[in-house]
Number of protein chains: 2
Amino acid sequence: MAITLSQLAAELGLSTSTVSRAFSHPERLTAETVSRVLAAAQRHAYQPNRFAKALTTGKSMNIGLVVPDIANPFFPPLIKAAQHRARAHGYSVYVADGDENPKEEWNQLTHFAGHVDGVVLCSPRMSTTKLREIPAQDRVILVNREVPNMPCILIDSTVGMHQAVDHLVSLGHHEIAYIGGPARSWANTQRRKAVLERCRHHGLEPALLGPYVSTHEAGVDAARKLGRTAVTAAIAFDDVLAVGLVSGLQEAGLRVPEDLSVVGCDDVITEHTAPPLTSVSGGAATAGRVAVDALLSSFEGGSIGASRTVLPTELVVRRSTGPAR
Amino acid sequence: MAITLSQLAAELGLSTSTVSRAFSHPERLTAETVSRVLAAAQRHAYQPNRFAKALTTGKSMNIGLVVPDIANPFFPPLIKAAQHRARAHGYSVYVADGDENPKEEWNQLTHFAGHVDGVVLCSPRMSTTKLREIPAQDRVILVNREVPNMPCILIDSTVGMHQAVDHLVSLGHHEIAYIGGPARSWANTQRRKAVLERCRHHGLEPALLGPYVSTHEAGVDAARKLGRTAVTAAIAFDDVLAVGLVSGLQEAGLRVPEDLSVVGCDDVITEHTAPPLTSVSGGAATAGRVAVDALLSSFEGGSIGASRTVLPTELVVRRSTGPAR
DNA sequence: CTGAAAGCGCTAACAC
DNA sequence: GTGTTAGCGCTTTCAG
């Protein structure tokens, strides 16, 4: 149906190579030839066949994006940003859902092999050993996971978490709890550590709860545990847990922030909450954008190398935090 | 790097066609030949080149998915389900974000032309005229939008909305409001109508607010309007508005459901709310799955034709609704 | 500056 | 059953 390059060539009485060059190396042709070709292409709404192109050039103009769970509120903004960035450079993005399952994640990844130019692997659930076995290491960029010699984008929650602790302390809180995320999560380790060290900096010893999986229910559950303590403020591993926590507290008749202040992390579902959630904003969207940028620039400049980009975070104060009771 | 079919053939002393047939038409070959080929393929981790395949067969094994906003909580479950379904059939899915912009939506759509076998177009923002101009009408399936002669998947909120009204009436509510969604939304028209007719069925006349865009702020705004009325229960166009509404009410010192009952629609962010939101569950995920199924089956059985699938909805009662005050 | 020809990896007639 | 051959649509030497 669609017109092909050689049909265009035939119509113009030119060779296929000339027409091809009109697009890829116009400078090697007469200006007139180029404009004739372009005009004809326009007229017929000529669209080069991506498969033929990919076959000869070895470039697919596709990038793959693997996330553990598309519906996890952390990822949509990231996917969206990645998609926009890729699109702006003529790339299409495949989105694959790893189903929170290392094996499925691996399947998705290998399924991409050969038909993407690179892949953004977000918060992989697979083991480090497995990560190292991924073919074409130089065409994979990790988000939220660090493995020596693999390029990665990390969101450093440290600063944001420090700000969160400072914020709570300045509101008069002395009994602070950290609601831990998934046991093997890199982000959780980092966030817990940040809370711990900043609390100690203030001469406080935080209560450490968890590990919890990142679900609303887990947050509600944490609220039950918290109800029986002297804690007046809690910092949760992420927004999902934080919102569950708020929910559980309100269920128990406690008010946020009057009875207990709550801080989330990631800043992705803060709009859907009441009260609006104070959260450590990391810019999931930024991560998506930066990851694609790194990939794309590696396509031109060789490999990404062992690049390691750390994205900063900052506390966004809303209304789920207030003075200690 | 990756081994090719002809290299395999050479190694086995077979012709390329034989090796090719070992995969696509094994029944035409000796069982022994087939197993020899398969063994060798296994050994070399042979992966057919998708571009070469697409070029010869004309089948890309790709499907495109266009949504107005990936980060809109309605879509991630849909995308996820679509991706899983497609993957199960060997298809990859491109996800494109239309940015709530008819023009960008069109761009994304045309960008797909030629490298997908079909596309699922969700809640398109473009005009009906424009929709009709989409090339290859028989390879596009609409979700949440009805245009004569174009295949579509519709979520019929009518039943769910009726149940919502019945539920509220049975709780003793007589002053019910409908918080309207975007003016030109097909779903909004349908939902408003359903609420209206069911209220009248009960001899009630609902208050109609809106139109509102689907944002948290709009919901908060609606709460202000509602505060000054006799209304004791509100049904919102969607969960986003409903949650904003709850938020706004609580801000104003009103309790949900004690002072005002709230019902959402779509059932996509109900977990992230306090109290858990009573909502009309439509199964965005189901829509994604069904759309992909329809597309895939059309690839085999010719075109989708003017199929029109209507998905039912039902009320899921949680804790944002209670007896009238 | 432009054309001819080969080939990317695979499939599909058409032979034998 | 299996091999031969001819492309799919494009890019890219290599000539002229």
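By convention in this document, chain letters (A, B, ...) are assigned in the order of the sequence lines, proteins followed by strands, and residues within each chain are numbered from 1. Any value given below was found using the heavy atoms of this structure, including those in side chains, with hydrogens, waters and symmetry copies removed.
Across A/D99, A/D97, A/N107, a single residue satisfies side-chain contact (heavy atoms from CB on, under 4.5 Å) together with B/R87, and that is A/N107.
A side-chain donor-acceptor contact under 3.5 Å links B/R145 and B/T128. No hydrogens or angles considered: nothing links the side chains of A/S17 and A/S20 as a donor-acceptor pair under 3.5 Å. Using modelled atom types and a 3.5 Å distance limit, the side chains of A/E11 and A/H44 yield a donor-acceptor pair.
Rounded to whole Å, atom C1' of D/dG9 lies 14 Å from atom CG of B/N49. In this structure, the CG atom of B/L12 is 10 Å from the P atom of D/dG3, given to the nearest Å. Between B/F51 atom CZ and D/dT11 atom P the separation is 14 Å, expressed in whole Å. Across the protein-nucleic acid pair, A/K59 atom NZ and C/dC8 atom C1' stand 17 Å apart, rounded to whole Å. Separating the CG atom of A/L55 from the C1' atom of D/dT12 is a distance of 13 Å, rounded to the nearest angstrom. Going from atom CZ of B/R50 over to atom P of D/dG9 covers 19 Å, rounded to whole Å. Atoms CG (B/L5) and P (D/dG3) sit 13 Å apart, rounded to a whole Å. A straight line from NE2 of B/H25 to P of C/dC10 spans 15 Å, rounded to a whole angstrom.
With salt bridges taken as basic N to acidic carboxylate O contacts below 4.0 Å, one links B/D69 and A/K80.
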- Query: Between A/C122 and A/L78, is a side-chain contact (heavy atoms from CB on, under 4.5 Å) present by the stated rule, with each step listed?
  - Reply: CA-CA 9 Å; A/C122 302; A/L78 188 157; 3.7 Å; yes
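OP1 or OP2 of D/dC10 lies within a sub-4.0 Å distance of a side-chain N or O belonging to A/Y46. Remark: B/K53 is not in phosphate contact with C/dG9, judged by side-chain N or O atoms under 4.0 Å from OP1 or OP2.
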Atom pairs under 3.5 Å: protein N/O with N/O of nucleotides 2-6 of chain C:
| from | atom 1 | to | atom 2 | distance (Å) |
| --- | --- | --- | --- | --- |
| C/dT2 | OP1 | A/T30 | OG1 | 3.0 |
| C/dT2 | OP1 | A/T33 | OG1 | 2.7 |
| C/dT2 | OP2 | A/T30 | N | 3.1 |
| C/dT2 | OP2 | A/T30 | OG1 | 3.4 |
| C/dT2 | OP2 | A/T33 | OG1 | 3.4 |
| C/dG3 | OP2 | A/S15 | N | 3.2 |
| C/dG3 | OP2 | A/S15 | OG | 3.3 |
| C/dG3 | OP2 | A/T18 | OG1 | 2.5 |
| C/dG3 | N7 | A/R21 | NH2 | 2.8 |
| C/dG3 | O6 | A/R21 | NH1 | 3.2 |
| C/dG3 | O6 | A/R21 | NH2 | 3.1 |
| C/dA4 | N6 | A/S17 | OG | 3.0 |

